[in-house]
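Note that the coordinates shown come from a computational prediction; the quantities given were computed from them, not determined experimentally.
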Amino acid sequence: MGDGLTDRVAMPGDLSVRAVGGLVAAAALLGYGLVGPTPAGMSPAIRRVLSVFLLALVLWLTEPVPYVVSSALSVTLLYALGVADTFAAAATGYASSLVFFLLLLLLLSNSISSVGLDRRVAQRLLAGEQTPRQTYRSLAAHVLMLAAFVPSAMARAVTFIPIVERLVDAYGLGEGSGFERGSFLLLGHVNPIASMALMTGGGMALVTSEIVTASVRPVTWVEWAVLMIPPTLALFGLGTVAAAAFSSVDGETTVATADGSGAPTGESSPLGDPAAEAAGSTREQRIVAVVMAATVLAWIVGSFVGIPTVVPAAVAVFALSLPGVGVIGTEDVRDVSWGVVFLIGAMLSILDVMESTGTLDYVVETLTRAVPFAALAHWQVVAVLLALAVGIRVLFSTASAAIVVTLPIVLEFADAFGVARVPLALSVLLVVGATTILPFNTSAVLVSMDRGPLSHRDVVSFGLVTMALSLVVVAASWLLYWPLVL
């Protein structure tokens with residue numbers, strides 16, 4: 001989804017030090033959960049739940065086994081260690097509408113890519129005479145537009161990377177030019193931000209909205225759009241400008257086009273065969289476009305009449321799977337990123353058990369003794385909690401997983417100290433979604449670094465820039481915008 005999630009696993013005979021260390025740490029945590037001493041003020045049940053929680057985090061972070069396997073083990077341990085009375089109680093997270101909604105959105109996103117609809121939208125990038133800076137701005141606009149239809153930031157990056165490469169060649173720009181570096185920063189760091197505008201825009205938004213609905217109050221599709229579109233547009237715009245400035249994208253050189261194709265005279269369009277463009281969309285593309293438009297309309301109407309957001313998504317997947325349509329088939333279901341589905345279901349299950357056993361309250365009380373939250377002003381409490389979220393975010397290879405782990409704990413603190421929880425949850429989303437310090441933090445950044453001219457220093461430096469911009473947008477939204485609409 002919007003932040004990408006891979007399901008990597010070490011090959012036999014190729015165990016990394018990190019994987020071995022993860023297995024050893026997981027075994028130690030399991031042993032502590034079984035027979036370890038119980039500290040004063042902690043019940044045996046809380047000790048066991050915390051051991052399972054930490055075991056799951058270690059396995060997810062070190063990835064010695066696929067996410068599906070580590071997630072299934074974590075849920076099973078909740079039951080085996082006796083902290084959940086039944087296996088059904090241990091696996092409650094998988095009964096959440098979030099898990100099914102995420103699965104449906106993955107299928108819908110894959111269908112858009114499989115029929116080439118995303119590519120067709122991208123083919124509208126060039127028109128007439130342009131400078132590299134104008135083309136860069138057009139690229140940003142099309143990435144933002146495509147985010148409304150393609151929830152996966154990784155899919156959007158993969159769609160536009162070949163186009164950027166063709167543009168660099170067609171324009172005769174040197175390797176590592178400002179346009180190329182700026183475009184890859186845009187596709188890697190800024191592109192995932194677009195997924196936060198809509199509740200259905202990607203995994204980050206979907207996870208956040210589900211946790212807010214479960215912990216605070218229900219949030220409709222339209223209300224989410226009202227709350228998040230302006231901050232997201234502001235952050236995306238600032239990130240786009242910052243990437244251009246960071247890379248010194250050329251705004252002076254004119255790319256002359258004698259034929260209006262966007263390519264230099266004598267060159268074919270960098271996007272491919274113009275005849276194919278003129279041939280029009282395929283039957284499958286038209287079907288997917290109509291179904292997706294109807295789904296978005298149903299989400300909007302459903303916000304006013306009470307239709308759960310999962311219902312239009314289920315109907316859309318069913319329609320695209322019908323005989324005679326066949327856009328979604330058995331192979332598409334097999335290719336779904338099951339790792340993200342199982343990981344989120346397992347984390348929701350663990351959080352439910354942490355809530356029922358009083359583990360979250362224990363964690364809040366323990367951290368409160370370590371950090372004098374009561375002596376801090378509200379904005380200072382928010383700053384500490386956002387710093388905690390960023391710290392956890394850097395450890396994870398996906399923002400969705402970091403939010404699942406962080407947000408419930410942050411909301412517990414907000415409730416304890418009287419901080420408004422809805423704007424705090426949205427702030428966590430904006431900051432976590434805009435923070436990519438290490439290349440593996442976001443798959444879109446990883447692929448952009450692999451295919452483009454970016455260095456590790458570029459990734460870290462610009463990641464700090466986008467994080468700083470997110471804090472500016474959060475402060476402005478909290479003070480100026482959200483009070484008007486909440």
Peer 1: Decide yes or no for Val288 and Val327: does some side-chain heavy atom of the first lie under 4.5 Å from some side-chain heavy atom of the second?
Peer 2: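 Yes - at least one pair of side-chain heavy atoms lies under 4.5 Å apart.
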Peer 1: Ignoring hydrogens, what is the shortest heavy-atom contact between Ser477 and Pro483? Give both atom names and the distance.
Peer 2: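 For Ser477 and Pro483, the tightest heavy-atom pair comes out as O-CD, 3.6 Å.
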Peer 1: Checking Ala91 now: which residues fulfil side chain to side chain contact (heavy atoms under 4.5 Å, CB included) with it, not counting sequence neighbours?
Peer 2: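 Expected list: Val75, Phe87, Tyr94.
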Peer 1: Can you measure from CD1 (Ile350) to CD (Glu355) and round to the nearest 0.5 angstrom?
Peer 2: 14.5 Å
Peer 1: State whether the number of non-hydrogen atoms from other residues, nucleotides or ligands found under 6.0 Å of Tyr79 atom OH is greater than 12.
Peer 2: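 Not buried by this count: 12 neighbours or fewer within 6.0 Å.
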Peer 1: If I take atom CZ from residue Arg421 and atom OG from residue Ser427, how far apart are they, to the nearest 0.5 angstrom?
Peer 2: 14.5 Å
Peer 1: Is it true that Ser349 and Asp352 share a donor-acceptor pair across their side chains at a distance under 3.5 Å?
Peer 2: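 Side chains of Asp352 and Ser349: no pair found under 3.5 Å.
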Peer 1: To the nearest 0.5 Å, what is the distance between OG (Ser183) and CZ (Phe160)?
Peer 2: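 The distance works out to 11.0 Å.
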Peer 1: Going by heavy atoms in the side chains, are Trp224 and Leu227 under 4.5 Å from each other?
Peer 2: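 Side-chain contact under 4.5 Å: no.
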Peer 1: Checking Tyr481 side chain against Met228 main chain: does a donor-acceptor pair fall under 3.5 Å?
Peer 2: no
Peer 1: Measure the spacing between CZ of Arg47 and CG of Leu34 and express it to the nearest 0.5 Å.
Peer 2: 8.5 Å
Peer 1: Identify the two heavy atoms, one from Val58 and one from Ala25, that lie closest to each other, and give their separation to 0.1 Å.
Peer 2: CG1-CB, 3.9 Å
Peer 1: Could you tell me whether the side chain of Phe101 reaches within less than 4.5 Å of the side chain of Ser96, counting heavy atoms only?
Peer 2: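 No, too far: nothing below the 4.5 Å cut-off.
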Peer 1: Please report the interatomic distance CG(Leu186) to CZ(Phe462), rounded to the nearest 0.5 Å.
Peer 2: 8.5 Å
Peer 1: So, for Thr466 and Leu235, which heavy atoms are closest and what is the spacing to 0.1 Å?
Peer 2: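 Smallest heavy-atom distance, with atoms named: O-CD1, 4.4 Å.
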Peer 1: Could you pull out the closest heavy-atom pair between Ile211 and Ile403, with the gap in Å?
Peer 2: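 In terms of heavy atoms, the two residues are closest at CD1-O, 4.1 Å.
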Peer 1: So, Thr435 and Arg393: side-chain donor and acceptor under 3.5 Å apart, yes or no?
Peer 2: no
Peer 1: Ring centres under 6.0 Å, that's the criterion: do Phe342 and Tyr67 meet it?
Peer 2: no
Peer 1: From Leu206 CG over to Leu198 CG, what is the distance, rounded to the nearest 0.5 angstrom?
Peer 2: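 Nearest 0.5 Å value for the CG-CG distance: 11.5 Å.
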Peer 1: For Tyr362, I'd like to know if atom OH has over 12 heavy atoms of other residues, nucleotides or ligands within 6.0 Å.
Peer 2: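 Count over threshold, so yes.
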Peer 1: Taking side chain as C-beta onward, heavy atoms only, is Val20 less than 4.5 Å from Pro64?
Peer 2: no
Peer 1: Please check this pair: side chain of Glu210 against backbone of Val207, looking for a donor-acceptor N/O pair closer than 3.5 Å.
Peer 2: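 Side chain of Glu210 to backbone of Val207, a donor-acceptor pair under 3.5 Å: no, none is there.
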Peer 1: Just wondering, do Leu29 and Leu50 contact through their side chains at under 4.5 Å, heavy atoms?
Peer 2: no
Peer 1: Using only atom types and a distance under 3.5 Å, with no angle test, would you say the side chain of Ser215 pairs donor to acceptor with the backbone of Val212?
Peer 2: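 Judged by distance alone, no pair lies under 3.5 Å.
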Peer 1: For side-chain hydrogen bond (donor to acceptor under 3.5 Å, both in side chains), just list the numbers for Trp299 and Thr200, CA-CA rounded to whole Å, side-chain angles, deciding distance to a tenth of an Å, and then say yes or no.
Peer 2: CA-CA 9 Å; Trp299 281 329; Thr200 51; 5.8 Å; no
Peer 1: Going by heavy atoms in the side chains, are Phe246 and Leu185 under 4.5 Å from each other?
Peer 2: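 Yes; the side chains approach each other to less than 4.5 Å.
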Peer 1: Quick check: closest heavy atoms across Val465 and Ala242, and the distance to 0.1 Å?
Peer 2: CG1-CB, 4.1 Å
Peer 1: List the atom of Pro192, the atom of Gly188, and the distance in Å for their closest heavy-atom pair.
Peer 2: CD-O, 3.2 Å
Peer 1: Under a 4.5 Å cut-off applied to non-hydrogen side-chain atoms, are Pro231 and Trp482 in contact?
Peer 2: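 In contact.
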Peer 1: Are any of the side-chain heavy atoms of Phe184 and Asp458 separated by less than 4.5 Å?
Peer 2: no
Peer 1: Side chains of Arg48 and Thr357: do they bring a donor and an acceptor to under 3.5 Å?
Peer 2: no
